[in-house]
Engineer: 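Quick one: this structure, given as structure tokens, is what I'll be asking you about.
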Amino acid sequence: MAVLAGRLLQLNPNLIDLNAILSTPSSTHLLGADDLGRSILARLLHGVEVSLLVACVVTILTMLLGVFIGLVAGFYGGRVDRLLMQITDIFLAFPGILLAIAFAAVLGPGLTNLTIALCMSGWVSYARLTRGQTLSLRNRQHVQAAESLGASVPRLIMVHILPLLSSILVVEATYSIASVMIAEASLSFLGLGIQAPDASWGGMLRDGVRYMLVAPHYVLVVGLSLMSLILAINLAGDYLRDQLDVRTEK
Amino acid sequence: MKMFNVFTAFCCTVLLMAVSSCRQSETTRPNNREIIFAVSQAPLNLDPRYATDAASARVNRLLYQSLVDFDAQSKPTASLASWQEISPRLYSFTLNKNRAPFHCADKSKWALISAYDVKATYDSFAFLKDSPHAAEFDNIKNIRVKDDNTVQFELKTADSHFAAKLIIGILPAALIAQHHDFSHDPVGSGSLSLVSWQHQLSLVRERDGQKISLQEVKDPTVRVLKLLHGEVDLLQGELPVELVQYLQTKPEVIVKTNIGANFSYLGLNMQDSVLKQLKVRQALAYAIDRNVMMQKVMVANTRAAGAILPPEHYTNQYSLPIYPYKPALARQLLLEAGVKLPLKLVYKTSTDAQRVRFATIMQAQMQPAGIQLEIRSLDWGTFFEDIKQGNFQLYGLTWVGIKTPEIYEKALGSNSMPPKGFNRGRYLDAQLDQYLLNDNWQAATARINSQLPYIPLWYEGQFAVMRKQIHHFSAKPDGNWDDLATISRYAH
Amino acid sequence: MIKRLIGLVTVVFGVLLVTFLLIHLVPGDPVEVMLGESASSADRVVLRAELGLNQPMIIQFGHYLQRLAHADFGLSIHSKTPIIELVKTRYPATLKLAFVSLLIGLGVGLPMGIFAALKAGKWQDLMVSLVSVRLSAMPAFWLGPMLMLIFAVWLGWLPVSGMEANTSIVLPALTLGLGLSAILTRMTRTSLLEVLNDDYIRTARAKGLSESHVIIHHALRAALLPIITIVGLQMGSLLAGTVITETIFSWDGIGRLLVESIEKRDYPVTQACVLLVALSYVLVNLFTDMLYQLADPRVKLVYAV
């Protein structure tokens with residue numbers, strides 16, 4: 001494995017070979033070449049880092065922010081809830097695409113601004129989900145009981161509410177990694193993603209679709225890779241959810 | 001069981017929809033007689049006084065007639081009218097005797113274009129404050145109608161190229177007076193007229209009633225799929241070369257190619273401290289391998305470019321040298337200019353995948369010359385705004401449909417600094433201005449080619465792909481759609 | 001109810017304000033777009049004054065709101081069409097596509113989710129999750145052309161794209177609906193399993209009620225909360241227009257209009273689109289909250305919006 005990886009790492013993802021444009025898999029290009037004759041394998045390996053990094057950073061940031069706001073709104077209810085939900089709604093009602101284009105226009109296109117734009121519209125769904133669940137959990141017997149026994153607010157949230165939320169949040173998070181990867185791909189489709197010559201899986205998938213009639217291997221390789229990765233993330237999420245469930249049972 | 005019933009209902013609805021849709025598609029095949037043209041960008045505005053985008057300009061050529069048109073060498077020629085230069089400040093136009101009338105639903109009311117219509121059309125620029133073409137006609141002092149067939153333009157200052165500007169489609173005076181909305185309801189006298197404009201632009205040919213529709217299909221792959229499926233009959237340009245070659249292998253379609261006349265180039269910011277130096281610009285010109293790109297990623301008939309106007313243009317009857325790919329020489333020039341290598345430059349382009357692809361190749365080609373190109377692809381609005389504001393180092397663009405040598409003055413003359421003119425790189429060259437003043441095109445193009453305010457790239461080849469039943473349509477060097485006036489479908 | 005209406009107005013106002021600020025932040029103004037690059041500075045100044053663009057931003061925003069109050073959206077800069085006309089043709093298209101997509105999403109997602117929950121841990125469950133993950137990993141710009149290739153070019157059943165035929169909606173709706181169904185499958189399965197472990201379900205089971213009775217009358221009802229949330233959110237984004245699907249399928253909806261207006265710097269159109277998107281979002285949200293209370297009587301709080 002290490003030897004293989006070592007060999008792979010020496011592949012240059014940006015090495016253009018105009019004689020190998022869209023060539024099918026061969027000994028020189030194990031998975032074939034893209035529309036500039038670059039090794040698809042090398043670009044997949046290079047691009048997965050970028051795509052995963054963006055997906056993870058966005059997911060973590062949006063989850064932290066969203067869950068916090070959702071918990072506060074759902075737990076306290078009333079005026080606090082109204083205010084926070086109002087803000088959430090403004091973000092949610094605002095077309096994210098406008099935000100993404102505006103960011104690219106003002107700050108220049110690229111990875112950082114892509115991440116910011118995705119974060120700006122991503123936290124909202126966590127906030128909504130968390131708030132909805134918290135509202136419902138807030139009135140359950142065990143929370144009411146703990147409250148009447150004088151448990152502090154952080155304790156109520158950390159011990160009695162958050163654990164019950166965790167499984168649904170983990171599922172949402174694994175989904176969100178997938179959907180952030182696809183959002184990145186979609187922004188790439190609109191040309192607002194990562195800048196050439198760097199690779200991301202979304203950008204590669206877009207290029208693959210462009211040449212699907214003449215070089216089906218390109219879109220097939222990238223599409224299957226993306227599906228496998230997302231499947232793996234989801235399986236990991238399922239495993240994590242089962243673990244968390246066991247803990248709440250105890 | 002209520003819930004389950006709901007779900008079953010949902011499933012059934014979906015299934016039913018799928019089934020019924022299959023049946024319907026058998027009966028709702030598109031009308032065989034209509035010819036459908038898939039375009040990447042639909043026209044925006046069919047009022048010739050407002051239209052600026054290429055698609056509108058191309059359709060307007062078919063909807064309206066203009067006083068003047070251009071021949072194969074781009075010399076202005078008589079179209080709706082012939083003209084006489086009475087003096088450099090006074091032009092007289094005589095309308096053709098057997099000219100087509102304005103289209104009108106009621107055929108008995110069809111009226112011939114008269115000199116009054118010409119006057120009304122060009123007079124209207126004086127009060128259209130938001131027309132992008134109004135500035136073109138600032139120089140008109142007054143327009144006099146001599147008789148029904150004759151009209152005279154008097155100018156404020158002498159302009160020997162004035163006739164070539166009168167390419168605006170002529171509108172009926174009566175409707176202009178009523179502030180008719182030509183943008184959506186064009187009334188002209190061209191070979192086509194409007195039927196409806198909802199999801200698609202439906203036109204009819206006056207001569208034989210042939211219906212022709214323009215459908216906007218943005219995605220190149222979808223355009224090809226629709227053509228192969230027979231939903232559209234025709235597409236033109238804007239496909240990667242690989243898809244053109246793929247279509248050439250398909251028996252159900254025909255690919256027609258032609259040379260192109262639209263000039264692609266790299267624009268440079270002449271106020272940039274590095275790009276100001278001639279040697280750096282020369283290095284850039286030598287750091288692009290045009291030949292290999294034309295062979296590998298461009299469509300057939302693409303030609304390397306030396307000047308904005310192509311060799312067949314009447315001002316350009318001599319050949320300019322094409323810069324060869326010499327990365328070592330480029331590196332040498334950069335060092336001579338005292339630039340610290342690698343030289344970092346930012347290259348702005350639109351988000352169009354083909355443009356980004358070309359940019360990526362150039363980026364790789366420039367590397368051995370010691371130039372590190374950073375590509376920034378921006379949405380069209382931002383990109384174009386940055387270009388107009390001079391907020392760039394390098395950018396890539398194409399001049400589409402340019403006919404008159406006035407372009408040299410407008411694009412590179414020192415009197416054409418934005419916001420009044422297209423000298424986006426802020427190029428100042430007294431020598432060039434002098435040549436342009438004397439209409440010395442040979443010296444001017446040579447000067448531009450050696451001073452390199454633009455790095456010339458190529459004239460991309462043109463092509464049109466159509467179902468094999470479609471005849472009498474060919475791709476034109478400037479990409480116009482004039483052959484929609486002759487296109488026809490033969491039954492097989 | 002009044003509180004909700006106030007909230008509704010606040011959200012729409014907030015969105016309008018943010019849009020207005022963003023538009024002024026991004027380079028490019030309508031006068032430049034209108035006049036191109038050959039007009040004189042004097043002409044520009046005149047036109048700018050005529051359009052009121054020389055006034056302070058806050059006053060411009062005020063004027064804009066004033067016009068809105070009279071239902072005056074203005075004209076498109078490029079096509080000079082009254083924007084109300086544009087919106088009138090574009091929005092129903094988006095509405096139609098969103099509704100059919102949602103139907104497909106629910107029709108596929110809910111049964112699959114319930115099935116997977118019933119068979120939790122068995123091979124059928126695994127199959128369902130494999131399928132739904134695959135669906136969720138397909139971006140519209142990939143799924144769309146694939147569906148076109150299969151159903152239009154190979155099988156010849158449906159048109160590739162466009163809006164002419166009655167059947168044109170099937171492929172874009174499938175593209176959106178299948179993605180949606182993946183999310184719904186997972187959400188349904190997860191929240192059902194969650195609830196199935198709850199005490200009151202155990203009680204219901206202990207009472208000897210049949211498993212399907214337990215699931216439908218007790219579990220599903222409680223599990224509906226997160227499902228409604230997701231459906232509401234998804235419907236909101238469907239109504240915002242789905243730029244990529246609309247672009248690929250040449251579906252003249254509001255999403256495409258919005259993005260094209262931004263690219264062409266046709267700001268009056270942008271503002272009208274954003275307003276519409278915000279309004280539809282707010283209304284969907286209101287509806288979602290009402291469903292919330294219907295679905296779970298335990299939730300008795302009155303929410304804003």
Side-chain angles (χ1 to χ4, degrees), chain B residues 1-4 7-8 10-14 17-18 20-22 24-25 28 30 44-45 47 50 52-53 129-136 138 181 183-184 198-200 215-219 221-222 225-226 228-229 231 379-382 384-386 388-389 391 410 418-422 424, chain C residues 26-28 31-32 34-41 43-44 46-47 50-51 77-81 89 100 103-104 106-108 110-111 114 141 144-145 148-149 152-153 156-167 169-170 177 212 216-217 220 247-250 252 259 262-265:
Chain B
M1 289 304 284
K2 245 183 227 159
M3 275 294 186
F4 268 133
F7 296 143
T8 340
F10 269 138
C11 300
C12 289
T13 321
V14 173
M17 270 171 34
S20 66
S21 59
C22 302
Q24 279 172 4
S25 71
T28 53
L44 292 172
N45 192 319
D47 187 333
Y50 285 102
T52 48
D53 60 299
K129 287 201 184 67
D130 55 348
S131 159
H133 301 297
E136 284 271 294
D138 275 352
D181 175 23
S183 304
H184 305 95
Q198 289 291 319
H199 176 58
Q200 60 179 18
Q215 264 182 26
E216 184 180 79
V217 183
K218 291 237 165 219
D219 192 84
T221 309
V222 179
L225 289 175
K226 279 179 89 87
L228 291 176
H229 188 227
E231 275 172 50
D379 80 281
W380 177 257
T382 310
F384 201 51
E385 195 59 34
D386 276 357
K388 288 195 286 189
Q389 302 286 331
N391 178 18
K410 277 190 180 168
K420 192 174 171 33
F422 304 101
R424 296 151 182 164
Chain C
V26 172
V31 170
E32 301 296 323
M34 282 184 202
L35 291 182
E37 290 165 276
S38 43
S40 68
S41 311
D43 287 347
R44 279 165 213 277
V46 169
L47 186 59
E50 210 160 273
L51 295 172
I77 291 178
H78 280 284
S79 68
K80 313 281 173 206
T81 324
T89 58
V100 177
L103 223 59
I104 293 176
L106 286 171
V108 176
L110 284 185
I114 295 170
F141 65 82
M148 287 177 187
L149 198 62
V153 179
W157 291 354
L158 298 162
V160 173
S161 75
M163 300 175 86
E164 290 77 30
N166 296 329
T167 49
I169 197 170
V170 178
S212 62
I216 293 150
H217 286 266
L220 204 55
T247 305
I248 288 177
F249 286 96
S250 302
D252 280 344
V259 168
I262 302 169
E263 294 210 325
K264 291 174 192 149
R265 296 294 187 267

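The sequence lines fix the lettering, A, B, ..., with proteins before strands; numbering per chain opens at 1.
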Engineer: Do the side chains of B/H133 and B/T52 get nearer than 4.5 Å, heavy atoms only?
Structural biologist: yes

Engineer: So, do C/F249 and C/I169 sit near enough that their side-chain heavy atoms are less than 4.5 Å apart?
Structural biologist: no

Engineer: Any salt bridge linking C/R265 with B/D379? Criterion: basic side-chain nitrogen under 4.0 Å from a carboxylate oxygen.
Structural biologist: yes

Engineer: Under a 4.5 Å heavy-atom cut-off, does chain B meet the side chain of C/K80, its backbone, both or neither?
Structural biologist: both

Engineer: So for B/Q215, is it side chain, backbone, both, or neither that comes closer than 4.5 Å to the heavy atoms of chain C?
Structural biologist: side chain

Engineer: Can you tell me which portion of B/Q200 sits under 4.5 Å from chain C's heavy atoms? Options are side chain, backbone, both or neither.
Structural biologist: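 Answer is side chain: those atoms of B/Q200 sit under 4.5 Å from chain C.
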
Engineer: Using non-hydrogen atoms only, which part of B/S131 is less than 4.5 Å away from chain C: side chain, backbone, both, or neither?
Structural biologist: backbone

Engineer: Tell me, side chain or backbone of B/P419 under 4.5 Å from chain C's heavy atoms, or both, or neither?
Structural biologist: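 B/P419 touches chain C through backbone and side-chain heavy atoms alike.
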
Engineer: Between B/H184 and chain C, with a heavy-atom cut-off of 4.5 Å, which part of the residue counts as in contact: side chain, backbone, both or neither?
Structural biologist: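 The answer is the side chain of B/H184.
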
Engineer: B/S183 side chain to B/N45 main-chain N or O, any donor-acceptor pair under 3.5 Å?
Structural biologist: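 Checking the backbone N and O of B/N45 against the side chain of B/S183, no donor-acceptor pair under 3.5 Å is found.
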
Engineer: Could you tell me whether the side chain of B/K388 and the main chain of B/P418 form a donor-acceptor pair under 3.5 Å?
Structural biologist: no

Engineer: For each of B/E216, B/E136, B/Q198, tally heavy-atom pairs with chain C at distances under 4.5 Å, and name the one with the top tally.
Structural biologist: B/E216

Engineer: With a 4.5 angstrom heavy-atom cut-off, could you sort out which part of C/I248 is near chain B: side chain, backbone, both or neither?
Structural biologist: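 Contact with chain B is through both the backbone and side chain of C/I248.
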
Engineer: Under 3.5 Å, side chain of B/E231 to main-chain N/O of C/V160, donor-acceptor pair present?
Structural biologist: yes

Engineer: So which part of B/F422 gets closer than 4.5 Å to some heavy atom of chain C, the side chain, the backbone, both or neither?
Structural biologist: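 Both the backbone and the side chain of B/F422 come within 4.5 Å of chain C.
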
Engineer: Tell me, out of C/I262, C/T81, C/T89, who's got the most heavy-atom pairs with chain B below 4.5 Å.
Structural biologist: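 If we count pairs closer than 4.5 Å to chain B, C/T81 comes out on top.
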
Engineer: So do the side chains of B/F384 and B/R424 get within less than 4.5 Å of each other, counting heavy atoms only?
Structural biologist: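 Yes, side chains in contact.
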
